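Structure record follows, encoded as structure tokens.
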Amino acid sequence: MLITTSRRAASRTTTATRGRPVVGRRTHPMWFMAPAFAILLVFFFLPTLFNFVYAFTDWSGFKSAIRPVGLDNFTDLASNGTLFRSLRVTVVYAVLVAIFQNAFGFGLAVLLERDTWLNRVARVFFLIPVLMSALAVGYIFQALLKPAGGLNRLLGIDHAWLGDTTWTIVVVALIHAWKWMGLSMLIYLAGLKTVPDDIVEAAHIDGASRWRTFWAVRFPLLAPAITFNVATALLGSMNGFDIAQATTGGGPARTTEILNIFIYRTFGQGLFAQATTMSLVLFLLVALMAFPVIYVLRKREEIL
Amino acid sequence: MTPVVPDRRGVSDAPVWRRLQPVVTFVLVVLSIGIPLWLVLVTAAKSRGEALTPDLSLPTEWHLLENLGQVWGDGEVLRASLGSLLVVVPSVIGVLLFGSMAAWILARRATRLNAVLYALAISGIVLPPAVVTVVLLLRQLGLAGSAVGMIGVYMGIYMSTVIFFVTGFVRTIPTSLEEAAQLDGASPMRVFWLVVLPLLRPVLATATILVCLYVWNDVFYAFFVIGGRLDTLPLNLFRVASAGLYLNNWHLIFAYVILMSLPLVVVFAVAQRKIISGITSGAVK
């Protein structure tokens with residue numbers, strides 16, 4: 001009922017605003033948007049457009065002329081396995097990060113929900129990794145997870161956590177989630193605080209158990225927080241670089257070479273067209289995944 | 001005396017859990033945050049020999065100040081700090097100012113054109129920037145390797161985030177405040193500076209934190225745009241560490257991590273309440 005009311009209010013505001021175009025032109029001039037859109041155009045959209053052009057050329061650091069080569073870059077990358085391996089690695093990595101980061105963030109939010117001094121101190125501690133450089137986080141865990149590192153000494157074992165071709169991507173995803181779980185926690189905490197008390201009380205009066213009240217009432221109302229957290233974790237980690245670069249450099253055997261690591265390495269080798277091609281692939285991958293993901297998550301919000 | 005608000009009921013109000021929860025919290029903080037941070041601190045305080053295989057043991061002799069001093073000099077921390085500030089401060093100020101101006105119009109004039117422009121503007125939140133071709137563009141503009149080019153790139157990347165947060169916030173502000181100023185004959189620029197901008201302080205605080213966080217810690221975009229020409233703290237960490245890893249100079253790497261992390265941690269410690277409430281109110285609106 002509260003939700004319905006706020007939606008109608010929003011509609012009224014929109015209608016009222018739409019009915020005063022003359023006033024709008026004088027009081028809210030469009031040129032106020034010019035600086036922001038100029039910057040977006042030059043530094044974001046134009047390079048993106050270039051992406052769609054130079055991915056089809058032989059641009060490199062070894063010659064000054066640039067010639068069109070059609071789909072050569074794509075067929076080359078596809079034929080040597082690089083294209084599909086990096087795509088698969090990037091998608092797997094992003095899904096793992098989204099799962100871990102949201103599981104950790106949600107768990108921490110529930111754990112630290114009560115406003116006690118210990119919980120407030122703990123929240124601050126979980127935000128420290130968010131503040132740190134992702135590169136620094138990568139180095140910390142590289143040191144911790146060495147065969148002779150801190151973790152193995154604590155556990156009394158001798159395992160190469162970052163040397164396993166099957167599990168290293170999971171380990172790196174856990175590290176990524178460790179760094180950002182504090183931010184997810186904060187947003188879930190905010191979401192938990194917005195759940196109206198009277199709805200929870202009503203559920204209790206009806207005899208619902210704590211467990212049932214939590215999952216049937218409070219969790220669904222967290223939909224906006226879930227949308228934000230899942231979308232940013234999934235799509236943001238596809239654009240990740242620092243943690244994987246600092247822990248594994250894309251290894252072992254390129255099993256953690258997410259697209260940005262390939263782009264970075266190839267650019268450093270002067271192979272600009274290949275780097276641009278992969279950049280375009282990343283753009284298309286995120287675009288193809290972003291809109292369905294956000295659409296589904298938004299749909300889930302609307303049902304409530 | 002504030003009346004005691006009864007605890008909101010939920011999973012966390014079960015009597016057994018209420019006693020158990022502080023213990024779980026403490027153990028979790030110590031294990032997941034304490035151990036990594038401890039590793040950084042004790043390793044940064046060790047001699048080179050002891051730091052070859054970084055572990056959780058205490059140093060036999062403390063070399064923390066020596067190591068910090070060495071990376072301060074060798075890592076050119078002061079110059080890199082200035083480089084970081086040179087890039088971060090204008091980027092944040094510019095993106096907040098221009099983003100807010102655009103967001104105000106997008107929120108108030110709900111036309112079809114503005115709906116399209118808004119969708120375009122916020123698509124940059126999820127779509128990855130074209131890092132390779134932006135280098136080409138900057139070369140053509142004569143901005144390659146320059147602070148101005150880097151600032152432009154950061155504004156281009158994070159404008160979407162600011163527009164998204166601020167537009168959502170403006171929509172929650174009653175228009176009556178602006179209308180009062182307009183009736184008094186104030187120009188749009190005066191209304192924006194004197195009425196709207198002050199009202200935006202909560203969301204601007206949130207956006208400041210997020211953009212500062214991303215830009216201050218960025219190494220990927222900086223590598224492409226200014227790598228090798230302008231020093232920033234993350235780029236220097238990358239360089240120090242890349243050299244240090246061959247030699248297993250973990251004491252220097254972690255000393256650098258401490259120096260590099262201190263500014264943000266100090267700012268956070270001072271403004272933590274504001275930061276936390278800003279982020280929480282901004283994201284779920």
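Naming: A, B, ... by sequence-line order, numbering from 1 per chain. On a predicted model such as this, the values are computed, not experimentally measured, just so you know.
- For B/Val135, the part lying near chain A is the side chain, with the backbone staying farther off; criterion is any non-hydrogen pair under 4.5 Å.
- Per-residue counts of heavy-atom pairs under 4.5 Å with chain B were compared for A/Tyr139, A/Trp31, A/Phe283, A/Phe125; the largest is that of A/Tyr139.
- Of the candidates A/Asn119, A/Thr116, A/Leu118, B/Pro22 forms a side-chain contact (heavy atoms from CB on, under 4.5 Å) with just one, namely A/Leu118.
- Contact count against chain A (heavy-atom pairs under 4.5 Å) is highest for B/Gly156 among B/Ala103, B/Cys212, B/Gly156.
- The shortest side-chain heavy-atom distance between A/Ser133 and B/Val219 does not fall under the 4.5 Å cut-off.
- Listed here is the closest heavy atom pair of A/Leu282 and B/Pro128: CG-CG, 3.8 Å.
- For the set B/Leu237, B/Leu39, B/Val153, B/Ile253, the entry with the most heavy-atom pairs within less than 4.5 Å of chain A is B/Leu237.
- Contacts between A/Ala290 and chain B at a heavy-atom distance below 4.5 Å involve the side chain alone, from C-beta outward.
- In plain terms, the two heavy atoms of B/Ala102 and A/Ala36 that are nearest each other are CB-CB, 3.7 Å.
- Atom-to-atom distance recorded for A/Phe37:CZ and B/Leu117:CG is 4.5 Å, nearest 0.5 angstrom.
- For chain A, no part of B/Leu97 is nearby; none of its heavy atoms comes within less than 4.5 Å.
- For A/Val130, the parts sitting under 4.5 Å from any heavy atom of chain B are the backbone and the side chain alike.
- Between B/Phe192 and A/Phe32, the ring planes are perpendicular. Angles over 60° get that label, and only those under 30° would be called parallel.
- Put simply, of B/Ser57, B/Gly152, B/Gly124, B/Ser261, the one with the most heavy-atom pairs under 4.5 Å next to chain A is B/Gly152.
- With a 4.5 Å cut-off on non-hydrogen atoms, A/Leu46 touches chain B through its side chain but not through its backbone.
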Residues A/Met132, B/Val257; criterion side-chain contact (heavy atoms from CB on, under 4.5 Å); working and verdict
CA-CA 8 Å; A/Met132 295 175 68; B/Val257 166; 4.0 Å; yes
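- Proximity to chain B (any heavy atom under 4.5 Å) is shown, for A/Leu151, by neither the backbone nor the side chain.
- Side-chain atoms of B/Asn217 come within 3.5 Å of backbone N or O of A/Leu131 as a donor-acceptor pair.
- Pairing each heavy atom of A/Phe126 with each of B/Val29, the nearest pair is CE1-CG2, 3.7 Å.
- If you measure heavy-atom distances from B/Val191 to chain A, you find no contacts under 4.5 Å at all.
- In terms of heavy-atom proximity, B/Phe254 sits nearest to A/Ala143 at CZ-CB, 3.7 Å.
- Per-residue heavy-atom pair counts under 4.5 Å with chain B were compared for A/Phe141, A/Trp178, A/Phe291, and the maximum is reached by A/Trp178.
- With a 4.5 angstrom heavy-atom cutoff, B/Ile209 does not touch chain A via any of its atoms.
- For A/Asn152, no part sits under 4.5 Å from any heavy atom of chain B, backbone or side chain.
- Atom CG of A/Asn239 sits about 10.0 Å away from atom CG of B/Leu127, to the nearest 0.5 Å.
- Counting heavy-atom pairs closer than 4.5 Å to chain B, the top-ranked of the candidates A/Met289, A/Met278, A/Gln142 is A/Gln142.
- For a residue to count as touching a neighbouring chain, one of its non-hydrogen atoms must lie under 4.5 Å from one of that chain's; by this rule A/Ile294 touches chain B with the side chain only.
- Here the straight-line distance linking atom NE2 of A/His28 with atom CG of B/Leu106 works out to 11.5 Å at 0.5 Å rounding.
- Interatomic distance, B/Met159 CE to A/Leu40 CG, rounded to the nearest 0.5 Å: 5.5 Å.
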Determine, step by step, whether B/Gln21 and A/Leu111 satisfy the side-chain contact (heavy atoms from CB on, under 4.5 Å) criterion, reporting the C-alpha distance in whole Å, the side-chain angles of both residues, the deciding distance to 0.1 Å, and the verdict.
CA-CA 7 Å; B/Gln21 186 265 341; A/Leu111 175 70; 3.8 Å; yes
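- Interface remark: of the candidates B/Leu120, B/Thr43, B/Ile163, B/Leu120 forms the most heavy-atom pairs closer than 4.5 Å to chain A.
- With chain B as partner, the option from A/Leu235, A/Asn229, A/Ile140 having the largest number of non-hydrogen pairs under 4.5 angstrom is A/Ile140.
- For B/Met155, the parts lying near chain A are the backbone and the side chain together; criterion is any non-hydrogen pair under 4.5 Å.
- Listed by first and then second residue, the salt bridge (Lys or Arg N to Asp or Glu O under 4.0 Å) pairs that reach into residues 124-134 of chain A come to none, sequence neighbours excluded.
- With a threshold of 4.5 angstrom between heavy atoms, A/Met30 approaches chain B through its backbone and through its side chain.
- Residues A/Lys146 and B/Trp250 meet the side-chain proximity criterion, which asks for heavy atoms closer than 4.5 Å.
- In terms of heavy-atom pairs under 4.5 angstrom with chain A, the leader among B/Ile35, B/Val40, B/Ile105 is B/Ile105.
- With rounding to the nearest 0.5 angstrom, the CD1 atom of A/Ile39 is 5.0 Å from the CZ atom of B/Phe98.
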For B/Leu213 and A/Leu183, run side-chain contact (heavy atoms from CB on, under 4.5 Å): C-alpha distance rounded to whole Å, both residues' side-chain angles, the deciding distance at 0.1 Å, then the answer.
CA-CA 12 Å; B/Leu213 201 58; A/Leu183 192 58; 5.6 Å; no
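- Using modelled atom types, no side-chain atom of A/Arg153 and backbone atom of B/Asp55 make a donor-acceptor pair closer than 3.5 Å.
- Under the 30°/60° scheme for interplanar angles, the aromatic rings of B/Phe165 and A/Phe228 are found to stand perpendicular.
- When each of B/Asn114, B/Asp218, B/Thr53 is checked for heavy-atom pairs under 4.5 Å with chain A, B/Asn114 comes out on top.
- Ranking A/Leu234, A/Thr227, A/Val53, A/Asp242 against chain B, the residue ahead of the rest is A/Asp242, based on heavy-atom pairs under 4.5 Å.
- For B/Tyr158, no part lies under 4.5 angstrom from a heavy atom of chain A.
- If you measure heavy-atom distances from A/Leu285 to chain B, you find no contacts under 4.5 Å at all.
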Run the side-chain contact (heavy atoms from CB on, under 4.5 Å) test on B/Leu138 and A/Phe43 for me, step by step, so that the C-alpha distance in whole Å, both residues' side-chain angles and the decisive distance to 0.1 Å come before the verdict.
CA-CA 9 Å; B/Leu138 291 178; A/Phe43 293 103; 3.7 Å; yes
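- Taking both residues in full, the closest heavy atoms of B/Val132 and A/Ala275 are given as CG2-CB, 3.7 Å, listed atom of the first, atom of the second, then distance.
- In this structure the side chain of B/Ser123 reaches within 4.5 angstrom of the side chain of A/Phe45, judged on heavy atoms.
- Contacts of B/Trp104 classified as side-chain hydrogen bond (donor to acceptor under 3.5 Å, both in side chains), with partners at least two apart in sequence or in another chain: B/Glu178.
- Of the atoms belonging to A/Tyr264, heavy atoms from both backbone and side chain fall under 4.5 Å from chain B.
- Shown here for A/Ala122 and B/Thr25, the closest heavy-atom pair between the two residues is CB-CG2, 3.5 Å.
- With a 4.5 Å cut-off on non-hydrogen atoms, B/Phe238 touches chain A through its backbone and its side chain both.
- For a residue to count as touching a neighbouring chain, one of its non-hydrogen atoms must lie under 4.5 Å from one of that chain's; by this rule A/Tyr54 touches chain B with the side chain only.
- Using a 4.5 Å cut-off between heavy atoms, A/Thr276 contacts chain B through both its backbone and its side chain.
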